[in-house]
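Here the structure comes first, spelled out in C-alpha cells, and everything after it is commentary.
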Amino acid sequence: MLKLTPTIGMEVHVELATASKMFCGCPAEHFAVKPNTHTCPVCLGLPGALPVPNKKAVDWTMMIGLALGSTVNKTSKFDRKHYFYPDLPKGFQISQYDEPLCRGGQLALDSGKIINLTRVHLEEDTGKLIHQTVGGKRVSLVDFNRSGVPLVEIVTEPDIASGAEAKEFLKKLTAILRTLKVSDCDMEKGSMRLEANVSMGESLAYKVEVKNLNSFRFVEQAIDYELSRQEKLLKAGKTPRQETRGYDPKTRSTFVQRYKETAEDYRYFPEPDIPPMVFSDKDIAAIRAKLPRLPEAKAKDLVDRFNLPPKLASLLVAKASRLTYFKNSVKTAQTLKVSPEKLANLIINHKISLDKPAAEQLKTLTQKQTVDLGIIDQVIKDNPDVVAKIKAGKSSAVAFLVGQVMRLTRGQADAVAARKLLLKRLQV
Amino acid sequence: MDKTKSKINVSHLAELSKMTVSPNEAAGFKTGFEATLKTVDKLEQLNTKKVGSTFQVTGLKNVYRPDKVDKSRVLSQQKALVNAKNSHKGYFVVPAIFDET
Amino acid sequence: MKLNQLTLTEALEGLKVKKFSSVELTLACLDEIKRLNPKLNAFLTLNPDALKAAKAADLKIRSDGNAFKTQPLLGIPYALKDNFLTAGLKTTASSKVLDDYIPQYDATVYARLKTAGTVLLGKTNMDAWAHGSSTETSDYGTTRNPWNLNHTPGGSSGGSAAAVAADMCIFAIGSETAGSVRGPACWCGITGLKPTYGRVSRYGVIAMASSTDSPGPLTKTVADAARVYQVIAGPDPFDATTSGRPVNLNLGHLQGLSLKGRRLAVPKEYLVKEMDKATAKLIENALKKLEGLGAKIDQISLIDPHYSIGVYTLVQRSEVSSNLARYDGVRYGNDRSHFGHEAKNRVMLGSFALSAGYYDQYYNKAQKVRTLIIEEFKKTFRKYDLVIGPVTPGPALKVGASKDSPMFGEIVDMLMEPSSVAGLTGTSVPCGFVTGLPVGLQITGPQFAEGLVLAVSAAYQAATDWHLKKPVTDYA
C-alpha cells in the first residue's frame with residue numbers, strides 16, 4: 001500500500017530594505033523607478049567591475065538567522081553560482097553555497113508543530129524581465145535596477161504538511177521580519193518571493209516546484225491543489241513528473257512552466273573577489289543584542305498577562321498598530337467591563353476603529369450589550385413553533401430567534417448577549 | 001587505460017559554456033582537452049591529504065563597504081544603455097524568453 | 001638621442017628643468033608610433049586627446065613650481081594594455097567580442113595615472129582576453145618583437161612590452177596573471193614588475209584569473225618601474241582584494257643597496273629540461289654577478305614547476321570560464337559567437353574543471369597543491385631574502401611556434417606560475433642575449449617585498465648594461 005505523506009519545503013526570498021545594493025553603492029530602491037537608472041558597472045556586470053559586500057546586509061542576515069533560532073556560522077563566504085539568463089548580468093549570481101551565514105533554525109506554528117529551517121543565507125537579486133511585443137516582434141525587456149539588491153534566502157526542511165501550514169508559516173515569518181524592520185515582505189511588490197517544493201513523500205524521489213505565487217492565499221491554494229493532483233496521479237500508479245509549475249488563481253490550478261531533463265550544473269566555486277567572513281562570539285553577541293522583542297515573545301507576554309488565547313495573541317502582535325492600540329486601551333476597556341480577550345476580538349474583527357479613542361467606541365458597544373428583555377420576550381412570543389423546536393432539542397434553531405432580535409433592534413443588539421438571554425429565558 | 005577519454009563531451013561543455021563550436025572544431029578541442037587533462041592529472045602525484053585549499057592568497061577577511069548610496073558610480077540611463085545593440089525606451093532588449101521564472 | 005628614447009627618470013628630469021616640453025616628448029613618441037606600428041602592431045588604438053593632455057601638462061609645468069610634487073609623472077607619455085578600461089576610448093582586450101566597446105568608466109590604475117599627470121598615447125595589443133604568452137591569440141594580429149620581427153614579443157602584455165622596447169613610449173602598463181608582464185619584459189629586453197597580488201587595484205581591468213591578476217609596469221629601467229609602481233599601487237575601496245597596507249616605497253633606498261650578505265636562493269628545479277643552453281649560461285653569469293656584488297647564493301629545492309602548470313591551468317581556466325560569462329552581447333559588445341579559438345579552449349576546459357563530479361578532482365585539487373606551493377615559499381623566505389632564476393626556458397619563440405599547442409601559454413610561463421599562484425612579487429630584468437634576442441633574470445620576493453625586489457634588481461642593473469641596449473628598428 002502506497003504511503004502518501006504531504007511533504008512541502010519552502011525557499012523564501014526576502015529583499016532587504018537597505019539603502020544601497022549588496023555589492024555596490026547603487027540605491028537599492030527599484031519599485032516604480034525608471035528602468036536602468038539605478039545601475040553602475042558592478043550591478044550591470046560591466047567588464048572589469050568588482051563586488052564589495054554591504055556590511056549592513058550581512059548583519060541583518062545574521063539578525064534574521066538569530067531571530068529564527070539559527071546558528072551563525074563562525075566562518076562564511078560568498079560563492080559564484082553560474083547559469084546564463086538575460087537578467088543575470090555577470091552570467092553568475094554571487095550567493096552562498098556550502099558556508100552560509102546561518103544554519104538551522106525553526107519556527108513554531110500555533111499548533112505547537114515545529115517547522116525546521118535548513119539555512120539562512122545572503123545573495124544578490126537579478127534584474128527584471130518584462131515580456132512585450134515591440135515592432136511586431138515578441139521580445140523581453142530587461143531592467144537592471146533590481147540587479148544586485150540584497151536577497152536573503154530562508155530554506156525550510158520539508159516539514160510543512162498542508163497549504164494551511166504553509167500560509168501560517170509565512171505569516172509568522174513575515175511578522176518576525178517586519179518586527180526586525182529588515183524588509184516590508186510585500187509579495188505583491190515582490191519584496192518577498194517563494195518557491196514551494198511539493199511531493200507526497202521524500203521516499204518517492206520526486207518533487208514539484210511551485211513558483212510565481214504572489215499572495216499567501218494563493219500559496220495555500222496552490223499547495224493544496226498540487227497535493228491533490230499528485231495524489232490522484234500516484235493512486236493511478238503514475239509518478240508526478242519533476243517540473244516547475246505556476247498557479248492560476250482563476251482556475252485555481254497549477255500548470256507546467258518548465259520541464260528540465262537534467263538538473264542545472266551551477267559550477268559553484270568560492271567567490272575570488274570577496275575575502276571570506278569570520279565572526280567571533282563577540283560579533284555574534286553584538287548582533288543578538290540588537291534584536292528587538294520578537295512576535296513570539298510579545299504574544300507570550302499577552303498570554304501571560306492578559307490570559308489571551310495564543311492564536312488571538314498571535315494575530316494581535318502581527319500588526320504593530322493593533323498591538324499598540326490594545327496596550328493603550330486595555331485598562332479603559334476593563335473599567336468598562338470589557339475583558340482583554342473581548343477587546344482583542346473587537347480589534348481583530350475590525351469592530352473598533354484604531355483611529356479613534358477606545359473609550360467612546362467601547363461605551364457604544366457595551367450599551368449594545370444590554371438587550372431589552374422586552375424584546376427577548378416579544379420574539380419568544382412571536383415565534384412559538386421555533387420555540388417548540390428549541391425545547392424539543394434543536395437548540396441550533398435559537399439562531400433564528402437571535403436574527404429576529406437583531407431585526408427588531410435594527411442590528412443594534414449584541415447578538416451574543418441576545419442568544420444567551422434567549423436560551424436563559426427558555427430555560428434550555 | 002586512458003581514463004580521461006570518457007570524461008570529455010565537447011558538445012556538453014560548449015552548451016554549458018554557451019560557446020559555439022562547429023563539428024570541425026569539436027574534434028580538435030577534444031584532443032586538446034585530453035592532452036591538457038593528461039598534464040593536469042600529474043597533480044595526483046602530489047600528496048595533499050594534509051592541506052586545505054587556498055582560494056585567496058591575500059589572507060584578508062571581513063572586507064565590507066558601509067550601506068551608503070554612492071552617487072559617483074551610478075550611471076545615467078543613457079550611459080547604461082549606450083553600448084547595447086538593442087534597447088527600447090530605457091530597457092535592454094533580448095529575444096522573447098518564454099518561460100517565466 | 002631622441003626624446004622618445006629617454007627613460008622615465010630622464011624624461012622627468014628634462015621636463016622639470018624645462019629642457020623640453022611634454023608636447024615635444026609626446027610628439028616624439030607619436031612619430032615613432034607612426035613609423036613603427038605598421039611593422040610591430042603594438043598599438044591598437046591611439047588616444048586622440050594625447051596632445052591635448054600634453055599641452056595641459058606643459059601649462060601646469062610652466063605655472064606651478066610644485067607641480068611634480070602633486071603629480072609625480074606629469075607630462076610623461078605612456079601606453080596602456082587594452083584590458084584596462086578607459087572611459088570614452090575603445091577598449092577591446094584584443095577580442096572581436098569588444099570590437100566596438102567604448103567604456104563608461106575608468107579603471108582605477110588609469111584614473112591614478114591620469115591624476116599623476118601622465119599622457120595616454122594609446123591602448124596596446126595583447127593576447128585576446130590575456131589568454132596567451134605571445135600576443136598571437138589577439139584578434140587583431142600578433143605584435144612583433146622589436147629585436148626580430150619573426151619572433152613574438154611574449155604575452156599577454158606583448159604590445160606594451162614591444163612599445164617600451166622600441167621606444168614608442170616612455171613606459172607602459174601591463175597585467176600579469178602568470179607571466180604576462182615578466183614574460184614579455186624578458187623577451188623584449190626591458191624591465192617588468194609584477195607587484196604582490198592585491199597591491200594594485202584590479203577595478204576596471206578586464207578580469208582573467210581573479211585570484212592572480214596583477215597590474216604592473218613595463219619600463220626601461222628598475223628605477224622607472226619603482227616610480228610607476230608608487231603611483232598605481234595602494235588600497236582601493238572598489239576592489240575588496242586590495243591590501244590596506246600603505247605603499248612605503250622609498251625611491252632613495254633603491255639606489256646603491258649593498259648586496260653584501262643578502263641570501264639568495266636558486267631553485268634547481270627551475271633549470272628545467274626545456275631550458276636553452278645559452279640561456280642557462282646567461283643565468284649562471286647573472287648569478288656570478290650577484291655573488292660578485294656580495295650576495296650569498298644557495299641552490300635550493302622547490303616543487304617542480306611542471307606541477308605549477310597543472311595548478312595554474314586549472315585555477316586560471318576555471319576562473320576564466322566564470323569571468324567571461326558576462327559577455328553575452330546584451331548590454332555591450334558582440335555575442336559569444338565572436339569569441340576566438342583560444343578563449344573557447346580555456347572557457348570550456350574551465351567549465352569542465354568546475355563541473356559537477358569533477359570539481360574535487362580538478363579545481364579543488366589544484367587549489368590544494370597551490371597551498372603546498374605557498375607553504376614552500378613561506379618556508380623558503382624564512383631563510384632567504386629572495387628567489388632568483390630564469391624567467392622563461394629560452395628567448396622569444398618564433399611567430400607560429402604556438403600553433404597546435406593546447407597549453408602553449410601555460411608551458412612558456414611555467415617558471416613564473418609558482419610565484420603567481422602564490423601572489424608574490426617579482427621582476428624580470430635584462431641579463432643578456434641569445435642569438436640577438438634578449439633574455440631576463442627573475443628576481444622574486446615574498447608578498448609586499450617590492451622594496452627589496454626593486455632594490456636588488458636595481459643593484460644588478462647598476463652593475464650591468466644589458467638594459468641600455470636597444471633594438472635596431474630600421475626595418476626593411
Side-chain angles (χ1 to χ4, degrees), chain A residues 18-20 23-28 34-42 44 46 52-58 75 77 82 84-87 91 127 129-135 137-144 211-212 244 246 257-258 265 267 269-272 274-279 283, chain B residues 7-21 33 40 43 48 51-101:
Chain A
T18 50
S20 62
F23 297 111
C24 64
C26 283
K34 267 170 117 175
N36 294 303
T37 52
H38 284 179
T39 70
C40 76
V42 181
L44 205 51
L46 298 189
V52 184
N54 180 328
K55 176 115 206 331
K56 184 172 266 180
V58 173
T75 59
K77 63 170 165 55
H82 302 82
F84 287 97
Y85 210 70
D87 66 4
L129 285 172
I130 299 170
H131 310 285
Q132 257 187 38
T133 304
V134 171
K137 259 169 109 184
R138 296 228 11 222
V139 292
S140 295
L141 303 177
V142 200
D143 173 14
F144 291 100
K211 280 173 107 145
N212 295 316
T244 303
Q257 282 191 329
R258 199 162 48 157
D265 183 357
R267 286 153 286 144
F269 76 95
E271 172 54 79
I274 303 175
M277 300 174 278
V278 175
F279 306 110
D283 294 327
Chain B
K7 290 181 191 168
I8 300 291
N9 179 340
V10 176
S11 65
H12 169 68
L13 290 177
E15 173 57 43
L16 197 60
S17 325
K18 289 275 179 291
M19 285 298 194
T20 45
V21 173
F33 292 154
V40 306
L43 292 179
T48 52
V51 291
S53 311
T54 297
F55 300 113
Q56 297 197 0
V57 298
T58 62
L60 291 168
K61 306 250 189 284
N62 297 334
V63 179
Y64 306 107
R65 36 167 286 275
D67 182 34
K68 276 212 208 71
V69 171
D70 174 9
K71 288 223 159 84
S72 73
R73 286 202 287 174
V74 179
L75 298 166
S76 65
Q77 193 189 71
Q78 188 265 338
K79 279 202 165 152
L81 294 165
V82 74
N83 291 112
K85 301 259 177 336
N86 232 325
S87 63
H88 175 76
K89 292 202 176 141
Y91 292 92
F92 294 94
V93 180
V94 297
I97 308 289
F98 290 105
D99 63 42
E100 318 271 321
T101 44

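Proteins come first, then strands; the chains are lettered A, B, ... in the order of their sequence lines, and each starts at number 1. Everything quoted here is computed from the prediction, not taken from an experiment.
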Heavy-atom pair of closest approach, residues [X] and [Y]:
X	Y	answer
A:Pro275	B:Leu60	CB-O, 3.4 Å
A:Ser140	B:Ala96	OG-CA, 3.4 Å
A:Met277	B:Asn62	CA-OD1, 3.1 Å

Give, as side chain, backbone, both or neither, the part of [X] having an atom under 4.5 angstrom from any heavy atom of chain B.
X	result
A:Pro41	both
A:Leu44	side chain
A:Val134	side chain
A:Phe23	backbone
A:Pro270	side chain

Can any side-chain N or O of [X] pair as donor or acceptor with the backbone N or O of [Y] at less than 3.5 Å?
X	Y	result
B:Asp67	A:Ala19	yes
B:Arg73	A:Cys26	no
A:Thr37	B:Gln77	no

How many angstroms lie between OG in B:Ser17 and CZ in A:Arg267, if you round to the nearest 0.5 Å?
6.5 Å
Given the rule in the ring pair (Phe, Tyr, Trp, His ring centres under 6.0 Å) test, do B:Phe92 and A:Phe144 qualify, once you have shown the distances and angles that lead to the verdict?
CA-CA 9 Å; B:Phe92 294 94; A:Phe144 291 100; 5.4 Å; yes
With chain B, which of A:Ala57, A:Ser20, A:Cys40, A:Gly246 has the greatest number of heavy-atom pairs at distances under 4.5 Å?
A:Ser20
Selection from A:Gly127, A:Cys24, A:Gly135, A:Ala28 maximising heavy-atom pairs under 4.5 Å formed with chain B:
A:Cys24
